[in-house]
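Everything below concerns the one structure shown next.
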Amino acid sequence: MKYTEIREEHNTSTVTQFLLLGFFDLPNLQGFLFGVFSIMYLIILIGNSFIIVITRIDPALQKPMYFFLANFSSLEICYVSVTLPRILFNIATQERSISVLSCATQMCFFLMLGATECFLLAVMSYDRYVAICNPLNYQLIMNPTKCTQLAAGSWLGGIPVQIGQTCQIFSLNFCNSNQINHFFCDLPPILKLACGDTSVNELSVYLVAMLFVAFPFMLILASYTKIIATILRLPTATGRAKAFSTCSSHLLVVFLFFGSATVTYLRPKSTHSPGIDKLLSLFYTIVTPMFNPLIYSLRNKDVIAAMRKLLLIK
């Protein structure tokens with residue numbers, strides 16, 4: 001199918017659809033990419049579903065830490081399903097067009113779930129903070145009601161703002177081109193297509209990123225500063241190793257996700273390049289969710305024991 005860019009006079013256009021270019025510049029690797037992304041999607045679905053199942057059925061995992069882990073695994077499935085099926089469809093059919101409404105919907109859900117991930121990672125760090133720094137009151141503080149409230153707040157907290165931001169972005173006029181040089185509808189490549197001065201919109205993106213990315217990350221850093229200080233005061237090396245092992249997996253996931261997301265959304269628009277944006281986006285949209293089940297299972301003795309019990313491995 002041949003695609004043409006939209007070019008109209010006066011630098012304005014009524015765009016009814018966009019073209020997701022994706023990995024068009026790798027024509028000889030389309031089959032390979034489809035296979036790789038299909039395998040990654042299966043790993044994400046199976047791995048995260050497995051964690052959800054074992055945290056629900058194993059009595060030893062009926063703790064706040066694993067309640068949040070089950071929520072996190074559910075989130076990862078939803079988060080990846082917003083983008084990856086569309087990527088697979090585009091590669092398989094070479095049909096790259098996407099309506100403005102579908103593009104806006106994809107962006108909105110992606111941003112909402114991204115905000116949920118930031119909040120949930122912050123909540124999980126707070127859980128580890130209470131467990132390590134205030135262990136005697138852990139069950140009292142992290143009671144079922146409190147856990148449910150924290151999880152619900154994480155899922156729902158970003159919805160109003162991200163809906164508003166999506167409406168703001170798609171109320172802009174788009175000119176010169178309707179081609180999105182990305183594999184999904186993300187903020188930076190969409191803003192590049194907007195007409196005129198978008199400095200106000202860029203500022204809005206920065207402020208929202210500070211609220212939903214930088215602020216949770218600062219809370220996580222504060223939690224882990226106190227956690228590490230508490231661990232270093234423990235009298236025995238065995239105690240320090242055991243305490244650190246309960247939060248090392250979460251810390252690794254935090255740096256994988258926030259590292260790539262922060263560089264993507266807090267860089268100036270002028271420094272964005274399609275190749276770097278795609279690479280960074282692959283990390284926090286696909287690679288990190290794929291590794292999460294492996295990180296949490298291989299580095300957690302309770303999860304390993306539950307997996308062996310479920311699979312009847314002695």
Side-chain angles (χ1 to χ4, degrees), residues 44-45 47-56 61-83 108-132 138 141-163 165 208-224 227 246-262 264-265 283-297 299-300 303:
I44 291 167
L45 293 178
N48 284 286
S49 296
F50 197 69
I51 286 181
I52 294 169
V53 170
I54 62 174
T55 54
R56 293 296 175 87
L61 301 183
Q62 303 306 305
K63 302 174 184 177
M65 174 182 177
Y66 300 108
F67 169 76
F68 293 125
L69 180 56
N71 271 269
F72 190 67
S73 293
S74 301
L75 170 65
E76 294 293 59
I77 291 174
C78 297
Y79 185 62
V80 172
S81 295
V82 171
T83 58
C108 188
F109 275 99
F110 178 78
L111 293 176
M112 288 191 297
L113 293 171
T116 299
E117 181 146 359
C118 294
F119 288 149
L120 200 52
L121 286 171
V123 167
M124 292 169 78
S125 71
Y126 173 71
D127 171 72
R128 291 299 84 208
Y129 161 74
V130 176
I132 294 173
Y138 178 64
I141 296 174
M142 301 303 292
N143 58 71
T145 301
K146 181 71 168 291
C147 291
T148 301
Q149 290 173 344
L150 288 172
S154 298
W155 281 94
L156 302 176
I159 291 178
V161 175
Q162 299 298 7
I163 289 177
Q165 180 165 248
V208 172
M210 292 295 291
L211 176 63
F212 293 114
V213 179
F215 181 66
F217 185 64
M218 295 303 293
L219 292 177
I220 293 170
L221 286 181
S223 296
Y224 274 103
I227 287 171
T246 65
C247 55
S248 59
S249 299
H250 176 256
L251 196 56
L252 180 57
V253 171
V254 165
F255 281 107
L256 282 173
F257 177 78
F258 278 99
S260 53
T262 299
T264 298
Y265 289 102
F283 264 93
Y284 65 82
T285 59
I286 300 174
V287 176
T288 301
M290 182 182 69
F291 282 124
N292 284 347
L294 297 175
I295 292 171
Y296 278 108
S297 60
R299 299 180 61 88
N300 190 298
V303 173

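Keep in mind that what you see is a predicted model, and the values were worked out from it rather than measured.
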Quick one about Asn48 and Glu76 (side-chain donor to acceptor, distance below 3.5 Å, no hydrogens or angles considered), yes or no? no
Quick one: does Gln162's side chain get under 4.5 Å of Phe110's, heavy atoms only? no
Smallest heavy-atom separation, Ser223 atom then Ser125 atom, equals OG-OG, 3.8 Å
Any side-chain heavy atom of Tyr66 within less than 4.5 Å of one from Phe72? no
Under 3.5 Å: donor-acceptor pair, side chain of Gln62, backbone of Thr55: yes
Is any side-chain heavy atom of Phe212 closer than 4.5 Å to one of Leu111? no
Output the distance between atom CD1 (Ile132) and atom OH (Tyr224), rounded to the nearest 0.5 Å. 7.5 Å
Answer whether the closest heavy-atom distance between the side chains of Ile51 and Asn292 falls below 4.5 Å. no
Val213 to Pro216 - nearest heavy-atom pair and separation: O-CD, 3.4 Å
Output all residues satisfying side-chain hydrogen bond (donor to acceptor under 3.5 Å, both in side chains) with Tyr129, sequence neighbours left out; order by chain, then residue number. none
Closest non-hydrogen atom pair between Tyr138 and Met65, with its separation: OH-N, 3.8 Å
Strictly distance-based, threshold 3.5 Å: is any side-chain N or O of Asn71 a donor or acceptor partner for the main-chain N or O of Phe67? yes
Indicate yes or no: at least one non-hydrogen side-chain atom of Phe217 is less than 4.5 angstrom from one of Cys118. no
For the SG atom of Cys108 and the CG atom of Leu113, what is their distance to the nearest 0.5 Å? 9.5 Å
Among all residues two or more places apart in sequence or in another chain, which pass the side-chain hydrogen bond (donor to acceptor under 3.5 Å, both in side chains) test with Glu117? none
Gap between atom CZ of Phe258 and atom CD1 of Ile220 - 0.5 Å precision: 4.0 Å
Closest heavy-atom contact between Leu75 and Leu120? CD2-CD2, 4.2 Å
Tell me the closest heavy-atom pair linking Met290 and Ile44, and the distance in Å. CA-CG1, 3.5 Å
Rounded to the nearest 0.5 Å, what's the gap from CG on Leu150 to OG1 on Thr145? Could you check? 11.0 Å
Begin with the C-alpha distance, continue with both residues' side-chain angles, and end with the deciding distance and a verdict on ring-ring contact (aromatic ring centres under 6.0 Å, His included) for Tyr79 and Phe109. CA-CA 8 Å; Tyr79 185 62; Phe109 275 99; over 10 Å; no
Met112 CE to Gln165 CD distance, which is reported to the nearest 0.5 Å: 12.0 Å
CZ of Phe119 to CH2 of Trp155: how many Å apart, nearest 0.5 Å? 13.5 Å
With a sphere of 6.0 Å drawn around CZ of Phe50, does it hold more than 12 non-hydrogen atoms of other residues, nucleotides or ligands? yes
Quick check against the 3.5 Å criterion: does Thr116 have a side-chain atom that pairs as donor or acceptor with the backbone of Ser154? yes
